[in-house]
Each structure stands twice: as structure tokens, then as C-alpha cells.
Amino acid sequence: MYTLFLYCLIAILNPAIWSGPTAQAKPPPPPVQCNQTGCTLTNSYGAWGSDRDYCQVTNVTYPKTEEELRLAVAYASQHKLKVKVVSKFSHTIPKLACPGSINPRGSGANFLISTENYDTGIEVDAENLMVTAEAGVALRRLIDEVEGVGLSLVAAPAWEGVSVGGVISTGAHGSSWWGKGGTVHDHVVGIRLVVPAERSHGYAKILSLEAKDPLLNAAKVSLGLLGVISKVKFSLEKGFKRSITFNFTDEVGFEDTFMDHAKKHEFADITWYPSRRTAVYRYDDRVPLNASGNGVFDFLGFQPNSILISQTIRAIEVESGGNSKAKCPIANTVLGFKKLVANGLKNNGLIFTGYPVIGRNGKMQTSGSCLYSTSIDKTCAWDPRIKGLFFYETTAIFAGVSKFADFIRDVKRLRDLNPDNFCGVDMYNGFLIRFIRASEAYLGQDEDSVVVDFNYYRADEPSTPRLNQDVWEEVEQMAFFKYGARPHWAKNRDLAFLGVTKKYAKFGKFVKAKRNLDPQNLFSNDWSDEVLFGKEMDERGDGCALEGKCVCSEDRHCSPGEGYFCKEGLVFKEARVCKHFQSSVS
Ligand SMILES: Cc1cc2nc3c(=O)[nH]c(=O)nc-3n(C[C@H](O)[C@H](O)[C@H](O)COP(=O)(O)OP(=O)(O)OC[C@H]3O[C@@H](n4cnc5c(N)ncnc54)[C@H](O)[C@@H]3O)c2cc1C
Ligand SMILES: *[C@@H]1O[C@H](CO)[C@@H](O)[C@H](O)[C@H]1NC(C)=O
Ligand SMILES: *[C@@H]1O[C@H](CO)[C@@H](O)[C@H](O)[C@H]1NC(C)=O
Ligand SMILES: *[C@@H]1O[C@H](CO)[C@@H](O)[C@H](O)[C@H]1NC(C)=O
Ligand SMILES: *[C@@H]1O[C@H](CO)[C@@H](O)[C@H](O)[C@H]1NC(C)=O
């Protein structure tokens with residue numbers, strides 16, 4: 001029944017099929033909000049910044065030029081203020097961009113520098129195949145600008161709602177094992193960085209880091225810890241098109257063949273839907289500019305979403321408490337719909353008419369049309385204002401392909417014990433598997449790696465236990481602890497970062513650069529002090545495992561009152577997960 005109902009809803013309301021009357025726009029709200037008493041910073045997902053995980057900012061500034069940026073850093077440096085930079089997007093899930101203390105109510109002054117108005121300068125050097133952009137420039141603008149003069153930025157993440165400074169600072173990536181690979185920072189050849197300085201130097205100075213400077217390897221992926229990036233210089237290639245086909249097929253053996261797939265297709269990826277036993281191979285190859293086709297990839301998950309659908313799905317998620325089966329028909333419908341519309345590929349820019357879809361590189365990699373929604377009843381699906389979807393995003397980076405294959409074998413074993421447990425993840429985007437190359441960046445990957453992302457339900461209230469909580473905790477602990485995967489810096493729950501610094505051989509070099517450039521530690525906050533520099537974690541409070549703030553070791557870390565107890569994993573016995581006593585799957 002759900003199936004038919006949802007299918008109709010999606011079919012009627014999806015913009016690919018039907019365009020509603022446009023009223024007033026509902027773009028995402030600005031992340032910094034101020035009133036007479038001060039300002040707050042929020043994450044665009046609502047992952048933090050709400051009442052329960054507040055970010056108080058006492059002063060914010062919006063520089064428009066590099067000199068104003070330098071003066072802003074000088075102001076913080078002179079007054080010894082904890083300071084952070086944030087973009088106009090604030091899309092990063094960990095609380096990286098909040099200045100100072102994580103529980104800062106009444107804890108003194110801090111300072112926030114927004115790059116929102118430092119977002120126009122783009123200089124293309126066509127002869128040398130390079131572009132230099134100001135840190136606040138939106139990725140979409142940068143891409144359109146370089147494509148406009150017949151060039152291409154080869155790598156970009158799937159999501160275009162990021163700034164130039166933000167996208168490199170957290171190691172964001174698309175997918176490629178070819179050339180320089182799928183991470184954006186590996187296409188960076190220069191950075192202008194503003195750092196604190198002595199009084200005699202006016203309290204702040206600008207470093208111009210060029211390709212051979214070892215500091216560039218610290219600055220490429222810096223989590224905002226070194227100073228403020230003013231400008232980024234990227235290497236480009238001659239413009240090209242891409243030809244994409246999605247193959248919705250059986251999952252059998254994908255853990256053995258993914259390497260061939262990644263080697264054969266320049267921008268390959270795989271999406272795996274465990275409950276549906278389906279793997280979707282993305283055949284994505286470079287073709288010459290004169291190949292015919294004006295396609296776009298307007299990824300379905302980033303299209304303007306009917307507020308009504310988001311809320312309906314959320315209601316079903318919540319109401320299906322105690323019964324994961326209820327989610328399976330939805331997972332099925334969603335997958336069927338994705339196949340029908342090729343995930344959002346559009347041959348002529350309007351509608352999908354058949355494979356392959358061929359279009360300019362700049363239109364085929366990164367998207368985010370929900371950002372520009374002009375209809376009052378459509379937003380990005382996760383918009384916190386609409387009480388629609390709210391989810392966790394786990395992203396694990398596996399160095400070494402054999403570890404990744406073993407991880408998938410383990411997840412398949414866990415799935416086989418009760419496939420319905422995986423319907424929840426398949427309602428979102430299954431497991432998205434992408435490829436990135438070894439990098440020189442100190443906080444980048446030192447080997448060719450495989451990245452897997454999955455999203456799953458997060459309760460509105462931190463203390464509410466969730467259906468299949470135990471399954472996601474087990475998968476998460478397998479990835480990060482059994483197979484030593486590294487957490488994506490811009491995603492994940494806190495526990496994924498346990499021991500992260502030991503996973504990076506060059507972490508010491510990064511710390512040295514940090515001490516050197518920011519000796520007063522102004523660009524740190526509680527998150528980085530705790531996760532990167534080992535400051536004592538908060539005490540392990542009741543229910544801490546539910547929100548991923550700890551791995552449970554006692555029942556009180558779960559929710560014994562609601563029947564959730566700390567138990568061992570089913571496949572990975574060393575895992576400790578919060579399990580409902582009736583949800584035993586064996
Ligand atoms: C819907 C969605 C899809 C996504 N898809 C992908 C994906 O496909 N692949 C992927 O890898 N990631 C993905 N991400 C993660 C995203 O790429 C990162 O969160 C990225 O860092 C966001 O950039 P931002 O401009 O919003 O940065 P912010 O969140 O504003 O800042 C991020 C960090 O960078 C620092 N920073 C920002 N600007 C500067 C500056 N000028 N100087 C110094 N430090 C700075 C901040 O202090 C902070 O530490 C996705 C995120 C969302 C919301
Ligand atoms: C101002 O914002 C703070 C949070 O920053 C909030 O607690 C307070 O209620 C707001 N005051 C007014 C008058 O809106
Ligand atoms: C806020 O910062 C600016 C510098 O950007 C400074 O001139 C101003 O005095 C500060 N305001 C407060 C209230 O501290
Ligand atoms: C899709 O993948 C399957 C299994 O890998 C393969 O047999 C089939 O030929 C592929 N289809 C296309 C159109 O490439
Ligand atoms: C594209 O251009 C190349 C030469 O640059 C030519 O050999 C080829 O035939 C052209 N293809 C099409 C489809 O026009």
C-alpha cells in the first residue's frame with residue numbers, strides 16, 4: 001500500500017515529471033543569525049547549532065577583500081580571540097567551524113570570519129591551464145566560469161553547495177583513480193593563506209604557498225586549523241565531455257570486481273543497495289568535446305524536494321518504530337524510481353530519454369538544484385526548517401583494496417542474517433562507493449583508497465533509541481575499528497574519530513605546521529582539541545552511544561529504560577552496540 005501511495009506522491013510531485021506553480025524561493029537560510037544579544041552559527045543540515053548543540057558567536061565579520069581578511073585575522077590575533085572561518089554554506093557535519101568552546105554559553109568572546117561576501121574573484125589563466133579563486137566563491141560559479149572558456153576542473157564532489165575554501169579544507173572528493181584522482185585538493189597548485197603574526201608585522205600576514213612549498217601539503221586539507229585561506233589556485237584541463245550509463249544489476253561479486261571497474265572507467269563509482277541485493281555501476285568516461293549531447297546530471301537526491309514527501313517519508317520512518325519491514329516497500333519504490341529517471345541524468349537537460357547521457361564535465365559531476373528552488377513547497381530534503389529528513393552520514397575511507405573487500409563480505413554476512421534491517425539505508429542512498437588516489441596532503445590519503453558513504457535515520461531527540469541502531473553501530477565499528485578505515489573529515493559521528501590521528505603517518509607534520517603558523521592556537525576549538533589533540537572527552541554520559549558520542553560499555557550508555565542494552569555485535573563480536581532485546585535476528 002505504501003508502495004503505491006508513495007509512488008503516486010513521488011510521480012505527481014517530482015519536478016522531473018511535473019513542475020508546480022512557482023511562488024517564492026526557499027533557498028537554505030544563512031548559517032549565521034544575529035540579534036541584539038549576539039549571533040549563532042548553525043550547520044545547514046541542523047547537525048549542530050540547535051538548542052542542544054549550540055554554537056554561540058560573539059562577533060562576526062564579512063570581509064570583501066584580501067586586505068579586509070588580513071585585518072580580520074589581525075583583529076583576532078591582537079585580541080587573542082578564538083577564531084574560525086565559515087562559508088556561506090556551512091555544510092560540514094562535524095563542528096569544525098564553530099569558534100572556541102563547544103559549550104560556550106557565557107564563556108567569553110570569540111570571533112567568526114565568514115567568506116560569504118568574499119566570493120567574486122576568479123582569474124583564469126587559460127595559457128597555463130590554471131584558475132585562482134577567492135575562498136568564498138561557490139563551486140558552481142567556479143566550474144561555470146572555467147567551462148565557459150573551454151576548460152574543466154577535473155575533480156569535484158557530488159554536491160555543489162560548497163565554497164572553494166571549504167571544499168578543499170575537509171578533503172572533499174568525487175570519484176576517480178585516474179590522473180590526479182577524485183579529490184579536489186589534489187588539483188590545488190597554490191594557496192594564499194592568512195595567518196596570525198607578531199605585532200611588528202601588523203598581527204597578521206599573508207603566505208603565498210606555491211607547488212614546491214612543503215607547507216602547501218599542510219594547507220591543502222587543513223580543517224580550518226592553520227589560518228584563513230584567501231585564494232586557491234587549481235590546475236585545469238582542456239574542456240571535455242563525459243558519457244554516463246548506470247547499470248542497475250545484481251550485487252553478486254561486486255566486492256571482487258570493483259577494482260576492474262575503477263580502472264576501466266575514469267569516473268566510476270558503485271552504489272550498493274544491500275536489502276535489494278542490487279549494485280548500480282556507474283560507467284562514466286571522458287569523451288571529446290565534439291561528441292554530441294547536452295546532458296546534465298541533476299542528482300535526484302539534490303533536486304528540490306517536495307516538503308510534503310520529505311515529511312511523509314519521515315513520518316513513515318518514525319511510525320515504523322519496532323518494525324523494519326515497513327521500510328522495505330519504500331526502499332523498493334525509491335530504487336525503482338531512481339532506475340526510471342536514471343538517478344537524475346537528463347539527456348537534453350530536461351528529461352531522461354535513454355543511455356548513454358553525454359554532457360559537459362561541468363554538468364555531469366556536481367549538482368544541487370535544491371539550492372536554487374523557486375517553489376515555496378520545495379527545499380533540499382534535509383532542510384531543518386521543514387522537519388523532513390534527518391539522518392547521519394557515515395563516510396569511511398579504506399586504504400587498501402583487500403580491506404574494503406573484506407569489509408563488504410562482513411556487511412553481506414550481517415545483511416544475510418536479516419535483510420530487512422537494511423531497508424532503512426536503502427531508503428536513502430544505499431552504500432555509495434567511490435575511488436580516490438594517494439595524495440601528498442598530510443591529512444589526505446597516503447594510498448589509493450576506496451570511500452564508502454551511507455546515510456541512516458537519526459532521531460529528532462538525542463535520547464530516543466532507533467530501530468536497527470545496533471546494525472548501524474556494528475557496520476560503523478567494523479569499518480573504523482576492525483578495518484581501520486579513516487573518517488571523512490566533513491562527515492561522521494564523533495566515535496568514528498577515535499584514534500584517527502594514529503591512522504595518519506604524516507599527522508605529526510601537520511601538527512608541526514599548525515604550531516608554527518598558529519602558535520597561540522587561536523584557530524582551534526573544543527572539537528579539534530578533543531579529537532585531534534587528545535583533550536579528555538566529555539564524561540561518558542547516559543545514552544552517549546545513541547548519538548554516536550561513545551561506544552557503549554555499560555547498558556546506561558544505551559537506553560535500558562526503553563529496552564536497549566549494550567551487547568556484542570553479530571558478525572564483528574568485538575563491536576559493542578545498543579540492541580533492543582527483542583530485535584535479536586538469529
Ligand atoms: C548534501 C551534501 C553532499 C555532500 N557530498 C559530498 C561529496 O560528494 N563528497 C565529499 O567529499 N563531500 C561531500 N560533502 C561534504 C562537503 O564537501 C564538505 O562538508 C565541505 O567541506 C563543505 O564546504 P563548505 O564550503 O560548506 O565548508 P564549511 O562547512 O563552511 O567549512 C568547512 C571547514 O573548512 C573550513 N573553511 C572554510 N572556508 C575556509 C577558508 N576560507 N579558510 C580556511 N578554512 C576554511 C571551516 O573552518 C571548516 O573547518 C557533502 C555535503 C553535503 C551537505
Ligand atoms: C537572540 O538570540 C539568542 C540566541 O543567540 C536567543 O536565545 C534569544 O532569544 C534571541 N533574542 C531575541 C530578542 O530574539
Ligand atoms: C567586532 O569585530 C570588529 C572587527 O572586525 C571590531 O571592529 C568590533 O569592535 C567588534 N565588535 C565587538 C562588539 O567586539
Ligand atoms: C551490467 O552488469 C552486468 C553484471 O556485471 C553485466 O552482465 C551486464 O552486461 C551489464 N550491462 C550493461 C548494459 O553493461
Ligand atoms: C571530433 O573531432 C575529431 C578531431 O578533433 C574528429 O576526428 C572526429 O571525427 C570528430 N567527431 C565528431 C563526432 O564530430
Side-chain angles (χ1 to χ4, degrees), residues 32 34-41 56-86 99-100 104 106-118 136 150 194 196 202-204 227-228 230 237-265 267-273 276-295 335 338-339 342-343 345 352 354-360 408 433 522-523:
V32 184
C34 297
N35 64 18
Q36 292 88 337
T37 64
C39 304
T40 57
L41 174 65
Q56 172 100 49
V57 173
T58 54
N59 197 353
V60 56
T61 184
Y62 297 85
K64 290 195 180 73
T65 63
E66 189 171 71
E67 178 56 13
E68 286 177 15
L69 203 57
R70 197 190 64 78
L71 288 172
V73 175
Y75 180 83
S77 161
Q78 182 181 2
H79 296 89
K80 299 188 170 46
L81 295 171
K82 287 285 185 186
V83 54
K84 279 285 178 188
V85 206
V86 74
S107 77
N110 61 26
F111 197 53
L112 183 66
I113 300 172
S114 166
T115 57
E116 178 160 356
N117 297 338
Y118 187 53
V194 189
Y203 293 107
V228 184
S230 167
E237 293 186 22
K238 287 261 154 56
F240 58 91
K241 284 186 174 174
R242 281 158 66 166
S243 168
I244 303 182
T245 297
F246 286 115
N247 184 359
F248 288 70
T249 185
D250 193 277
E251 66 168 23
V252 170
F254 86 87
E255 66 275 32
D256 302 314
T257 58
F258 68 92
M259 277 181 72
D260 290 341
H261 178 59
K263 286 180 182 163
K264 213 159 137 192
H265 303 282
F267 303 101
D269 69 30
I270 300 173
T271 310
W272 177 40
Y273 297 92
R276 309 292 97 198
R277 298 181 188 273
T278 296
V280 181
Y281 289 82
R282 173 170 173 161
Y283 305 134
D284 186 341
D285 301 288
R286 192 185 286 240
V287 294
L289 260 190
N290 63 357
S292 71
N294 253 324
L335 183 58
K338 285 177 179 165
K339 189 171 176 180
N343 262 337
L345 280 173
F352 175 65
Y355 293 120
V357 177
I358 296 175
R360 293 285 294 253
I408 294 297
I433 296 154
L522 299 178
F523 282 90

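All ligand and atom numbering here is 1-based and tracks the order in the structure. Predicted model only: the values in this text are computed from it and were never measured.
One distance of note links CD1 of I113 with OH of Y62; it measures 12.0 Å at 0.5 Å rounding. Considering OG1 of T278 and CG of N247, their distance stands at 10.5 Å, rounded to 0.5 Å. Going from atom NE2 of H265 over to atom CZ of R286 covers 15.0 Å, rounded to the nearest 0.5 Å.
With ligand atoms numbered from 1 in the order given, ligand 3 contributes 2 (O), 5 (O) to contacts under 4.0 Å with heavy atoms of F111.
With respect to atom 13 (C) of ligand 3, the closest heavy atom belonging to the protein is N59 ND2, 4.3 Å. At the top of the distance list for atom 12 (C) of ligand 4, counting protein heavy atoms only, stands N247 ND2, 3.4 Å. The nearest heavy-atom contact from the protein to atom 5 (O) of ligand 5 is N290 ND2, 4.5 Å. For atom 9 (O) of ligand 3, the closest heavy atom belonging to the protein is Y75 OH, 3.8 Å. Nearest protein heavy-atom neighbour of atom 4 (C) of ligand 4: T249 OG1, 3.6 Å.
Remark: distances from the non-hydrogen atoms of Y283 to ligand 4 include one below 4.0 Å.
Classified by interplanar angle (parallel below 30°, tilted 30° to 60°, perpendicular above 60°), the ring pair W272/F254 is tilted.
The nearest protein heavy atom to atom 7 (O) of ligand 4 is not closer than 4.0 Å. Inside a 4.0 Å radius of atom 2 (O) of ligand 4 there is at least one protein heavy atom.
Of all heavy-atom pairs spanning R282 and I244, the tightest one is NH2-CD1, 3.8 Å. Between G293 and K241 the shortest heavy-atom distance is O-NZ, 2.9 Å.
For N294, the CG atom is loosely surrounded, since the number of other residues' heavy atoms within 6.0 Å does not exceed 12.
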